[in-house]
Amino acid sequence: MKSSEIRDKFLQFFESKGHTVVRSSSLVPGNDPTLLFTNSGMVQFKDVFLGTEKRNYVRAASVQRCLRAGGKHNDLENVGYTARHHTFFEMLGNWSFGDYFKRDSLLWAFELLTKVYGLPAEKLWATVYETDDEAYDIWVNVIGLPKERVVRIGDNKGAPYASDNFWQMAETGPCGPCSEIFYDHGPEIWGGPPGSPEQDGDRYIEIWNNVFMQFDRQIDAATGEARLLPLPKPCVDTGMGLERLAAVLQHGHSNYDIDLFQSLIKAAARETGTQDLANNSLKVIADHIRACSFLIVDGVIPGNEGRSYVLRRIIRRALRHGHKLGQTKPFFYRLVKDLVLEMGEAYPELTEAASRVEQVLQQEEERFSETLENGMKILEQALARDSKHLDGETAFTLYDTFGFPLDLTADICRERNVMLDETGFDAAMQRQKTAARAAGKFKTAAAIEYSGARNKFVGYDSLQQDAKVVALYLNGTAVQSVAAGQDAIVVLDTTPFYAESGGQAGDRGVLASASAGFVVEDTLKIQPEVFGHHGTVSKGSLSVGDQVNAQVDLALRARTVRNHSATHLMHKALREVLGSHVSQKGSLVDSDKTRFDFSHNAPMTTEQIREVEAIVNREILANLPTRAQVMSFDDAVKHGAMALFGEKYGDEVRVLDIGSSRELCGGTHVSRTGDIGLFKITAEGGVAAGIRRVEAVTGEGALALIQSLNRRVNEAAAALKAQPDELTQRIVQVQDQIKSLEKEVAALKSKLASGQGDELLNQAVDVKGIKVLAATLDGADVATLRETMDKLKDKLKTAAIVLASVTDGKVSLIAGVTADATSKVKAGELVNFVAQQVGGKGGGRPDMAQAGGTDPSGLAKALAGVANWVGERQ
């Protein structure tokens with residue numbers, strides 16, 4: 001059974017059981033700073049399990065793309081060395097949110113595996129948590145699995161509930177036992193059943209885990225012991241690796257034997273010229289092209305920090321393995337087409353972004369190919385000196401100079417049984433405080449503990465609302481009241497304030513009651529659907545339960561919505577002018593400007609900027625009404641709505657039509673395009689490889705910019721005594737005049753130098769057959785010194801000459817020695833002799849050298865000693 005069939009049959013089976021099929025979310029978790037990457041199928045449902053988000057279904061199934069190559073879950077170093085480790089993998093999963101529980105979950109799992117996928121029942125084993133009699137009974141008495149093939153797993157980690165068969169989201173909160181399903185590969189493979197001393201062997205392979213969240217784990221404040229309180233609505237969370245299941249169904253032992261990987265391995269062999277398809281490096285490359293391609297699809301680009309750095313590490317590891325196979329030219333990006341053939345049908349977004357993925361990978365390959373070759377030479381030289389140890393300084397040089405991530409160096413060392421001095425590397429890293437030092441660091445935002453109802457947002461239609469204070473926080477701690485002068489966070493039951501999201505800044509304004517005032521300086525989400533109003537109590541005191549009037553700053557909101565609405569029109573215009581590859585990579589919209597990052601590989605030309613401005617302003621002049629409607633995500637995409645990078649979308653989304661643009665957006669916007677007023681781009685530049693940034697202003701901001709530019713033009717015109725429309729012509733005339741005067745000055749300097757040179761000829765003294773001249777040329781620049789030097793050398797024939805000038809307290813020196821005298825006197829040594837006496841140093845060729853100094857007071861003495869210095873050299 002092919003991998004594509006396994007995916008389809010899984011989703012079809014659970015759809016027949018009343019599950020809603022949910023699309024795979026991005027590898028970049030939406031609005032979750034605690035995770036580097038989506039590493040399991042339950043990530044997109046995390047808020048549902050925590051009770052902070054509601055869905056319109058209670059059963060779900062999905063095939064989720066996952067990545068484990070950074071942070072807590074990092075399998076990178078094992079990829080290519082084991083049968084089942086991957087950076088990127090697909091997780092088949094089904095969920096119940098307070099609906100069905102253990103019985104249905106296990107019955108359906110067994111039915112799918114044996115009836116749909118056709119696995120022999122006698123090959124299946126199961127594990128349950130030691131005290132989970134319910135799950136044990138289902139396996140033995142309902143499903144009929146023999147007792148000897150149902151294993152109870154207890155707490156084997158020295159603490160209560162610290163078991164491989166007890167799952168916890170965190171130290172406290174939802175948790176529960178789990179039941180894992182194993183497949184027996186047969187006695188010809190070494191290994192024992194789960195729970196046995198030989199359980200780490202490869203005979204019994206876990207293929208599916210059913211997690212039963214039925215408890216709320218709390219820590220007793222008095223004893224410090226964990227207590228399990230029953231959850232009112234137990235949930236189910238399951239996960240089955242597609243690659244592992246495919247290996248079983250395709251009668252292979254290694255995941256790399258499955259159809260999907262074999263196609264990619266053959267493609268990697270083709271591009272590297274490798275005949276041995278069992279070579280581990282081909283497995284690494286096949287794995288890494290999946291991870292890298294889907295990261296780029298989901299908006300990550302190679303860089304020096306965080307997710308971008310992880311992507312760069314994976315790319316460079318793949319390139320190193322290509323280099324190991326003898327491929328020194330870019331090859332990795334050529335595998336994207338093969339990946340699309342394998343996975344494009346399941347993930348249409350991969351097909352759509354294929355050309356951009358190729359482009360990003362090719363750029364990174366070309367950037368790294370030369371440094372890879374040079375870095376490998378450094379590494380080979382170090383290992384030639386000591387074949388058993390690699391010192392930390394060399395490892396750091398490879399990292400800092402050649403861009404070798406430490407794990408790449410460690411990978412090479414492991415292959416050659418070389419001990420890597422990681423302590424020395426860390427010490428070198430500490431000494432070198434660079435931007436790369438912070439790569440991969442993610443900080444968890446301080447969480448506000450809030451358990452109340454979500455607030456109602458009315459800010460699309462109203463900027464003023466009577467509301468009730470439902471929670472107050474002081475320094476992150478819940479309190480009942482706050483007093484004048486205190487900084488606090490206020491949660492209201494209803495609010496017109498927009499909380500920062502989707503790149504749009506949060507609203508500002510005031511909360512007022514009969515006895516208190518609160519200045520809202522920012523509005524941020526403390527939970528997905530709970531807004532926190534951050535600010536200061538300006539007068540009186542505010543208490544939980546108080547009634548307030550919430551008033552958004554009208555002027556700030558108006559400017560912000562103009563900028564936000566213009567961003568949508570600009571995005572559409574950029575795609576029209578630059579191409580459909582343009583997609584948003586980040587944005588910041590506030591009352592002052594819109595800042596928009598997008599994928600594009602070259603600076604915008606002046607004409608392209610003008611064209612984008614013209615398109616947007618035509619949309620503004622059309623004064624079309626904007627329209628927002630709520631629909632399912634799939635319907636929205638089907639009708640042409642564009643989803644934006646970095647946003648987390650639910651199953652129902654808000655679709656915004658503004659002008660000819662249709663995007664998914666929860667932000668606030670103008671009623672008609674004409675309300676934007678005027679649009680003007682103020683800046684365009686690069687922020688990363690393949691990423692450009694545009695900044696623009698609208699409305700009053702655009703008017704102020706135009707007026708400022710107009711004032712400057714008039715001032716410049718007045719200074720040049722010209723009319724504004726003649727300014728360009730007048731500037732060209734002035735530039736021509738300046739060039740003409742510069743030529744005259746250069747000619748005069750040359751004439752002056754020639755005259756000074758002739759006068760200096762008489763100052764030359766004969767030192768053992770060499771004419772020696774050391775003199776100062778007043779007002780001469782370096783070019784004049786050089787020109788004078790050439791003329792003096794021609795006239796003096798056999799000579800050693802030093803010329804100097806002083807400008808603004810700095811000394812310029814030049815030394816020249818004729819060719820027939822360089823065997824005795826070197827110009828580089830001569831100029832250094834003088835420079836050291838005037839606060840500098842220098843050097844150069846034997847016949848010509850120059851230097852500088854900062855102490856003119858020593859110049860006369862230094863020049864006076866030149867003749868003796870030359871004499872001593874003969």
Side-chain angles (χ1 to χ4, degrees), residues 1-25 27 40-41 59-67 83-84 86 88-95 105-124 181-186 205-210 238-267 277 283 286-287 289-291 293-294 297 335-352 354 634:
M1 188 179 295
K2 295 182 66 175
S3 300
S4 57
E5 293 179 78
I6 295 172
R7 287 193 205 97
D8 292 343
K9 287 181 181 295
F10 180 87
L11 295 176
Q12 290 166 6
F13 176 82
F14 280 103
E15 193 171 26
S16 74
K17 303 296 185 184
H19 290 63
T20 297
V21 174
V22 181
R23 69 191 180 279
S24 171
S25 63
L27 287 175
S40 67
R59 299 180 179 185
S62 77
V63 180
Q64 174 64 49
R65 53 184 184 264
C66 303
L67 193 88
R84 280 170 289 280
H86 304 292
F88 174 95
F89 63 96
E90 296 176 82
M91 186 69 82
L92 311 173
N94 59 284
W95 290 269
S105 180
L106 295 180
L107 280 169
W108 289 336
F110 191 75
E111 180 184 349
L112 178 62
L113 291 175
T114 58
K115 303 298 184 185
V116 178
Y117 291 137
L119 290 179
E122 62 270 18
K123 287 281 193 178
L124 299 180
I181 304 173
F182 287 75
Y183 180 81
D184 178 4
H185 277 285
I205 299 302
E206 178 204 339
I207 56 174
W208 203 344
N209 189 13
N210 286 249
T238 85
M240 176 164 56
L242 171 67
E243 294 81 3
R244 288 194 179 198
L245 181 60
V248 170
L249 293 175
Q250 294 174 20
H251 309 293
H253 181 62
S254 167
N255 291 3
Y256 292 99
D257 293 335
I258 68 176
D259 59 326
L260 193 159
F261 271 112
Q262 282 299 299
S263 298
L264 295 176
I265 285 171
K266 289 174 183 176
L277 294 181
K283 297 176 184 177
D287 172 274
I289 190 61
R290 299 204 307 165
S293 297
F294 277 101
V297 166
L335 302 180
V336 174
K337 288 184 173 63
D338 299 277
L339 179 63
V340 170
L341 290 175
E342 290 298 323
M343 302 184 70
E345 185 176 350
Y347 299 99
E349 57 268 44
L350 172 64
T351 304
E352 294 170 6
D634 292 335

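In the displayed structure, K123 atom NZ is contacted under 6.0 Å by more than 12 heavy atoms of other residues, nucleotides or ligands.
Side-chain contact between F261 and E342 is absent, with no heavy-atom pair separated by less than 4.5 Å. Contact check for H185 versus V248: side-chain heavy atoms found under the 4.5 Å cut-off.
Residue R290 holds its CZ atom at 8.0 Å from CG of L339, rounded to the nearest 0.5 Å. Remark: E111 CD to K115 NZ distance equals 8.0 Å, nearest 0.5 Å. Atoms CG and OG, on D338 and S263 in that order, are 8.0 Å from each other to the nearest 0.5 Å. One finds the SG atom of C66 at 5.5 Å from the CE atom of M91 (value rounded to the nearest 0.5 Å). Note that the CH2 atom of W108 and the CG atom of L113 stand 14.5 Å from one another [nearest 0.5 Å]. Remark: Y347 OH to S293 OG distance equals 13.0 Å, nearest 0.5 Å.
L245 pairs in a side-chain contact (heavy atoms from CB on, under 4.5 Å) with only one of the listed residues (M240, Q250, M1), which is M240.
The two residues I258 and S3 come nearest to each other via the heavy atoms CD1-OG, 4.1 Å. Nearest heavy-atom pair, S105 versus T238, reported as atom, atom and distance to 0.1 Å: OG-CG2, 3.9 Å. Contact detail for A354 and V336: the closest heavy-atom pair is O-CG1, 3.9 Å. For the pair F10 and A61, the tightest heavy-atom approach, listed with the atom from each and the gap, is CE2-CB, 4.5 Å.
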Could you please spell out the steps behind the salt bridge (charged side-chain N to carboxylate O under 4.0 Å, His left out) verdict for R7 and E345? CA-CA 11 Å; R7 287 193 205 97; E345 185 176 350; over 6 Å; no

Report the C-alpha separation of W208 and L124 in whole Å, then their side-chain angles, then the decisive distance to 0.1 Å, and conclude whether the side-chain contact (heavy atoms from CB on, under 4.5 Å) test is met. CA-CA 11 Å; W208 203 344; L124 299 180; over 6 Å; no

Worked verdict on L335 versus L264 for side-chain contact (heavy atoms from CB on, under 4.5 Å): CA-CA 7 Å; L335 302 180; L264 295 176; 5.7 Å; no

Set out, in order, the CA-CA distance, both residues' side-chain angles and the distance that settles side-chain contact (heavy atoms from CB on, under 4.5 Å) for L27 and F88, then state yes or no. CA-CA 10 Å; L27 287 175; F88 174 95; 4.2 Å; yes

Verdict with supporting geometry, Q262 and I265, side-chain contact (heavy atoms from CB on, under 4.5 Å): CA-CA 5 Å; Q262 282 299 299; I265 285 171; 3.9 Å; yes

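Proximity of a side-chain donor or acceptor of N94 to a complementary backbone N or O of R59 within less than 3.5 Å is not detected. With T114 contributing its side chain and A121 its backbone, the two residues share no donor-acceptor pair below 3.5 Å. In this structure, Y117 contributes its side chain and I6 its backbone to a donor-acceptor pair below 3.5 Å. Of the possible polar contacts, one joining the E243 side chain to the E90 backbone as a donor-acceptor pair under 3.5 Å is found.
The salt bridge (charged side-chain N to carboxylate O under 4.0 Å, His left out) test applied to E352 returns no partner, not counting sequence neighbours.
Between E349 and R23 there is no salt bridge, since no side-chain nitrogen of the basic residue lies less than 4.0 Å from a carboxylate oxygen of the acidic one.
Ring geometry for H19 versus F14: interplanar angle over 60°, hence perpendicular rather than tilted (30 to 60°).
Using modelled atom types, one finds no donor on one side chain facing an acceptor on the other under 3.5 Å when comparing Q64 with S40.
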